[in-house]
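Here's the structure, in structure tokens; my notes come after.
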Amino acid sequence: MVFTSAYGLWQAFIVKKNQKLPCTNTARPSSTVGIHLPSCRKRTPFLLSSPHSGRNYPQHFLEMAVLPMTELERMEDRFTDQLLRYAPENGLSLVQALFPRSFCDVNRDWRELDATMFSPPLIEKDLILSTKVSAGYGVIPRCTSPGKSIYRYCLPLEEAGHRLSQYWKPYHTALQQTQKTLHAQFGASILLDIHSMPPLAQSRPCDVVLGNRHGKTCSDRLISLVEHLFLEKGYHVQRNTP
């Protein structure tokens with residue numbers, strides 16, 4: 001798969017390595033975030049992010065939630081972390097959230113909060129009211145799916161600060177520190193954000209979806225290289241849809 005071809009992909013991308021700076025490891029142990037860096041000798045400039053595969057449900061969250069565990073688990077990108085567990089052995093750095101997406105979604109801006117979820121309400125002018133927030137899927141989700149509210153009552157205001165400072169921030173700090181490490185060694189890094197999705201009814205088969213927000217997050221050259229690797233292995237690939 002991509003792991004075994006990471007070095008070849010990096011060579012094809014042709015980014016000059018910075019040989020003057022030493023190979024370092026800035027990863028720090030964390031109870032909420034998994035940080036896995038390969039040895040300096042095996043390391044490549046690729047960083048994998050697994051933001052939605054966490055399964056460590058805080059007890060106080062379960063006591064707040066009115067939905068059963070089976071419903072909360074529906075928001076997980078189930079088993080993505082297991083799919084990626086051998087990545088560090090093959091030269092790819094990995095940062096993964098150990099907590100569930102239904103508790104805190106680190107793929108949202110920290111300001112994507114629903115002011116009405118908290119008591120007293122948050123000041124709306126300081127927040128980002130995105131379409132995701134309106135639908136109930138902000139950085140602290142209100143729903144697991146349409147009509148499935150996680151909470152019966154408003155959350156205490158301090159709960160927002162707790163989740164952002166103890167969960168959201170450590171995850172993004174880990175990403176930044178790992179990217180800094182890769183930049184010091186190679187002069188650049190490439191971030192791949194890894195997700196899974198349930199089977200969808202489609203007219204053609206699809207094993208892998210490569211998304212770059214229609215050219216906004218990476219070049220066509222890079223996504224074409226990744227697509228080529230999957231196609232070589234016999235996978236059906238689509239771009240940006242579904």
Side-chain angles (χ1 to χ4, degrees), residues 1-10 13 27 29-39 42-57 69-108 137 141 144-145 167 170-172 174-175 178-179 181-182 189-202 204-213 217-218 222-242:
M1 290 185 67
V2 172
F3 303 156
T4 58
S5 304
Y7 186 74
L9 176 57
W10 170 241
F13 199 63
S30 170
S31 61
T32 61
V33 180
I35 308 171
H36 310 278
L37 286 123
S39 64
K42 298 182 70 173
R43 193 175 299 167
T44 69
F46 289 90
L47 169 57
L48 305 182
S49 169
S50 184
H52 295 159
S53 58
R55 295 190 294 276
N56 295 345
Y57 285 76
M69 177 67 82
T70 52
E71 191 62 38
L72 298 174
E73 290 174 337
R74 287 170 60 88
M75 293 192 76
E76 295 177 15
D77 284 352
R78 182 61 66 88
F79 304 130
T80 302
D81 55 333
Q82 294 187 27
L83 179 68
L84 303 177
R85 62 180 174 172
Y86 296 113
E89 296 179 15
N90 292 281
L92 288 84
S93 301
L94 172 63
V95 174
Q96 56 187 135
L98 304 180
F99 50 89
R101 180 186 184 185
S102 55
F103 177 71
C104 182
D105 188 343
V106 294
N107 262 29
R108 300 282 178 263
Y137 310 122
T144 57
S145 59
Y167 295 87
Y171 191 83
H172 286 270
L175 285 178
T178 306
Q179 283 188 304
T181 296
L182 296 179
S189 65
I190 296 174
L191 173 65
L192 303 176
D193 204 50
I194 311 298
H195 299 268
S196 66
M197 67 178 75
L200 301 175
Q202 298 183 93
R204 52 183 174 147
C206 179
D207 301 311
V208 178
V209 179
L210 301 177
N212 68 346
R213 297 193 67 190
T217 63
C218 77
L222 176 57
I223 198 171
S224 294
L225 284 168
V226 177
E227 181 179 36
H228 178 70
L229 289 172
F230 279 115
L231 291 173
E232 276 190 327
K233 296 295 183 180
Y235 292 101
H236 297 280
V237 182
Q238 292 191 42
R239 291 196 193 185
N240 295 303
T241 182

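Just so you know, residue 1 is the first one in the sequence shown, and it goes up from there. Bear in mind that the values here come from a model prediction, so they are computed numbers and not experimental data.
For the atom pair Asn212 CG and Ile223 CD1, the distance stands at 4.0 Å (nearest 0.5 Å). In this structure, OG on Ser50 lies 9.5 Å from CG on Leu98, to the nearest 0.5 angstrom. In this structure, CD on Gln82 lies 10.0 Å from CG on Leu84, to the nearest 0.5 angstrom. Of the inter-residue distances, the one linking Ser49 atom OG with Asn107 atom CG reads 6.0 Å to the nearest 0.5 angstrom. The CG atom of Leu182 lies 7.5 Å from the OG1 atom of Thr44; values are rounded to the nearest 0.5 Å. Distance OG/Ser53 to CD/Glu76: 8.5 Å, rounded to 0.5 Å.
No hydrogens or angles considered: nothing links the side chains of Thr178 and Thr181 as a donor-acceptor pair under 3.5 Å.
No more than 12 heavy atoms of other residues, nucleotides or ligands shown are found within 6.0 angstrom of NE2 on His228.
Side-chain contact between Val106 and Tyr167 is absent, with no heavy-atom pair separated by less than 4.5 Å. By the 4.5 Å heavy-atom criterion applied to side chains, Pro38 and Ser93 are counted as neighbours. Proximity of Pro242 to Met197: side-chain heavy atoms (C-beta onward) are separated by under 4.5 Å at one or more points. In this structure the side chain of Ile190 never reaches within 4.5 angstrom of the side chain of Leu47, judged on heavy atoms. Inter-residue side-chain proximity for Cys206 and Tyr235 is flagged as unmet; no heavy-atom pair is nearer than 4.5 Å. Side-chain atoms of Leu37 and Arg43, non-hydrogen and from C-beta on, do get closer than 4.5 Å to each other. Considering only heavy atoms from C-beta on, Glu227 comes within 4.5 Å of Arg239 through its side chain. Between Pro51 and Asp193, the closest side-chain pair of non-hydrogen atoms falls below 4.5 Å.
Applying the salt bridge (Lys or Arg N to Asp or Glu O under 4.0 Å) criterion to Glu71, with sequence neighbours excluded, gives Arg74. Residues satisfying the salt bridge (Lys or Arg N to Asp or Glu O under 4.0 Å) test with Asp105, not counting sequence neighbours, are Arg101, Arg108. Listed by chain and number, the residues in a salt bridge (Lys or Arg N to Asp or Glu O under 4.0 Å) with Arg55 are Asp81 (sequence neighbours excluded).
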Passes side-chain hydrogen bond (donor to acceptor under 3.5 Å, both in side chains), His236 versus Asp207? Steps please.
CA-CA 5 Å; His236 297 280; Asp207 301 311; 4.7 Å; no
Checking side-chain contact (heavy atoms from CB on, under 4.5 Å) for the pair Leu229/Leu225: CA distance, chi angles, key distance, verdict?
CA-CA 7 Å; Leu229 289 172; Leu225 284 168; 5.9 Å; no
Verdict with reasoning, Thr80 to His195, per side-chain contact (heavy atoms from CB on, under 4.5 Å)
CA-CA 7 Å; Thr80 302; His195 299 268; 5.9 Å; no
Derivation of the side-chain contact (heavy atoms from CB on, under 4.5 Å) call for His52 and Met75:
CA-CA 8 Å; His52 295 159; Met75 293 192 76; over 6 Å; no
Give the C-alpha distance, both sets of side-chain angles, the deciding distance and a yes or no for side-chain contact (heavy atoms from CB on, under 4.5 Å) between Tyr171 and Leu175.
CA-CA 6 Å; Tyr171 191 83; Leu175 285 178; 3.7 Å; yes
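With Asn56 contributing its side chain and Phe99 its backbone, the two residues share no donor-acceptor pair below 3.5 Å. A distance-only check finds no donor-acceptor pair linking the side chain of Lys42 to the backbone of Asn90 [under 3.5 Å].
His36 pairs in a side-chain contact (heavy atoms from CB on, under 4.5 Å) with only one of the listed residues (Val95, Leu94, Leu48), which is Leu94.
In this structure, Val209 and Asn240 approach most closely via the heavy-atom pair CG1-N, 4.1 Å. The two residues Ser102 and Tyr57 have their closest heavy-atom pair at OG-CE2, 3.8 Å.
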